Amino acid sequence: MRIWVDADACPVVIKEILFRAAERTGIKLTLVANHFIVVPARKNIHFLQVSTGFDVADNEIVQRLDEGDLVITGDIPLAAEVIEKGGKALSPRGELFSPDTIKSRLSMRDLMETLRASGIQSGGPPPLNQSDRQAFANHLDRFLRQYKS
């Protein structure tokens with residue numbers, strides 16, 4: 001079992017939580033991005049740099065993903081592919097995606113994309129706050145406890 005991180009857009013504070021968890025538990029952690037990212041020098045923490053291009057990092061994660069792996073991503077289509085392949089997906093805001101919720105999240109994403117394409121300004125997501133970080137850390141901790149059992 002391992003944790004994969006869609007690292008191009010992952011906030012630094014979330015990466016730091018993941019690094020501490022990997023150091024504490026020894027779980028394998030791999031960050032995937034198309035630009036260089038410094039990671040702690042640990043046997044179980046890795047960085048995989050992929051070429052630039054649309055969905056290159058996402059496709060690499062899905063290709064390497066094993067059933068039961070956890071993927072950290074805010075990318076709804078990637079989360080859907082992860083779930084379809086038997087993995088688990090957790091957003092940096094602490095939302096654990098599930099087969100029950102991912103379809104509605106995809107529909108909402110598509111609607112917002114259509115609105116933006118028609119010129120309606122929707123703004124971006126609010127900045128990551130303390131409750132988002134806490135929700136992320138709590139879900140990660142629950143996942144790691146299940147993994148250890």
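Since the structure is predicted, the reported quantities are computational estimates derived from the model, not experimental observations.
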Under a 4.5 Å side-chain heavy-atom rule over Ile, Leu, Val, Met, Phe, Trp and Tyr, are Ile72 and Leu96 clustered together?
yes
Is the backbone N or O of Val56 less than 3.5 Å from a side-chain atom of Asn34, with the two atoms forming a donor-acceptor pair by type?
no
Please determine, by modelled atom types, if Gln63 and Asn59 share a side-chain donor-acceptor pair under 3.5 angstrom.
no
Is it true that atom NZ of Lys88 has more than 12 heavy atoms of other residues, nucleotides or ligands lying nearer than 6.0 Å?
no
I need the minimum non-hydrogen distance between Asp8 and Ala57, along with the two atoms involved.
OD2-CB, 4.0 Å
Asp69/Lys28 salt bridge by N-O under 4.0 Å criterion:
no
Please confirm whether the backbone N or O of Thr30 pairs with a side-chain atom of His46, one donor and one acceptor, at under 3.5 Å?
no
Could you measure the distance from the CG atom of Asp66 to the CE atom of Met1? Nearest 0.5 Å is fine.
10.5 Å
Establish, from distance only, whether the side-chain atoms of Ser98 and Asp100 form a donor-acceptor pair under 3.5 Å.
no
Full working for side chain to side chain contact (heavy atoms under 4.5 Å, CB included) between Phe47 and Val38:
CA-CA 8 Å; Phe47 169 65; Val38 177; over 6 Å; no
Please check if Ile45 and Val12 belong to a single hydrophobic cluster, counting links between Ile, Leu, Val, Met, Phe, Trp and Tyr side chain heavy atoms closer than 4.5 Å.
no
If every non-hydrogen atom of Ala7 is compared with every non-hydrogen atom of Ala33, which pair is closest and at what distance?
CB-CB, 4.1 Å
What one should report as the nearest heavy-atom pair of Gly74 and Pro92 is N-CD, 3.7 Å
Taking the side chain as every heavy atom from C-beta outward, state whether Asp141 and His139 have any atom pair closer than 4.5 Å.
no
Nearest heavy-atom pair of Arg133 and Ile17: which atoms, and what distance?
O-CD1, 4.2 Å
For Val39, run the side-chain contact (heavy atoms from CB on, under 4.5 Å) check against Leu29, Leu31, Leu18 and tell me which one passes.
Leu31
Would you mind reporting whether Ile14 and Leu128 have side-chain heavy atoms less than 4.5 Å apart?
yes
How about Leu90 and Leu70: do any of their side-chain heavy atoms sit closer than 4.5 Å?
yes
Would you list the pairs meeting salt bridge (Lys or Arg N to Asp or Glu O under 4.0 Å) in which at least one residue belongs to residues 33-61, sequence neighbours left out?
Glu23-Arg42, Glu60-Arg64
Is the side chain of Asn138 donor-acceptor paired with the backbone N or O of Ala135 at a distance under 3.5 Å, no angle test?
no
Contact between Ile76 and Phe97 at the side-chain level, heavy atoms closer than 4.5 Å - yes or no?
yes
Please determine whether the number of non-hydrogen atoms from other residues, nucleotides or ligands lying under 6.0 Å from atom CD of Glu67 exceeds 12.
no
Is there a donor-acceptor contact under 3.5 Å from the side chain of Asp6 to the main chain of Val71?
no
Report the C-alpha separation of Leu140 and Ile3 in whole Å, then their side-chain angles, then the decisive distance to 0.1 Å, and conclude whether the side chain to side chain contact (heavy atoms under 4.5 Å, CB included) test is met.
CA-CA 10 Å; Leu140 179 63; Ile3 298 174; 3.9 Å; yes
Is it the case that one hydrophobic cluster holds both Val82 and Leu48, taking links as side-chain heavy atoms less than 4.5 Å apart, direct or via other members?
yes
Please report the closest heavy-atom contact between Ile83 and Pro99, naming both atoms and the distance.
CG2-CG, 3.7 Å
Side chain Thr25, main chain Ala21, donor-acceptor under 3.5 Å:
yes
If you define the side chain from C-beta out and look only at heavy atoms, does anything of Leu78 sit under 4.5 Å from Val62?
yes
Under the side chain to side chain contact (heavy atoms under 4.5 Å, CB included) rule, what do Arg93 and Phe136 come out as? Steps first, then yes or no, please.
CA-CA 6 Å; Arg93 293 185 177 278; Phe136 176 82; over 6 Å; no
Look only at the side chain of Lys85 and the backbone of Leu65, and say whether a donor-acceptor pair between them is shorter than 3.5 Å.
yes
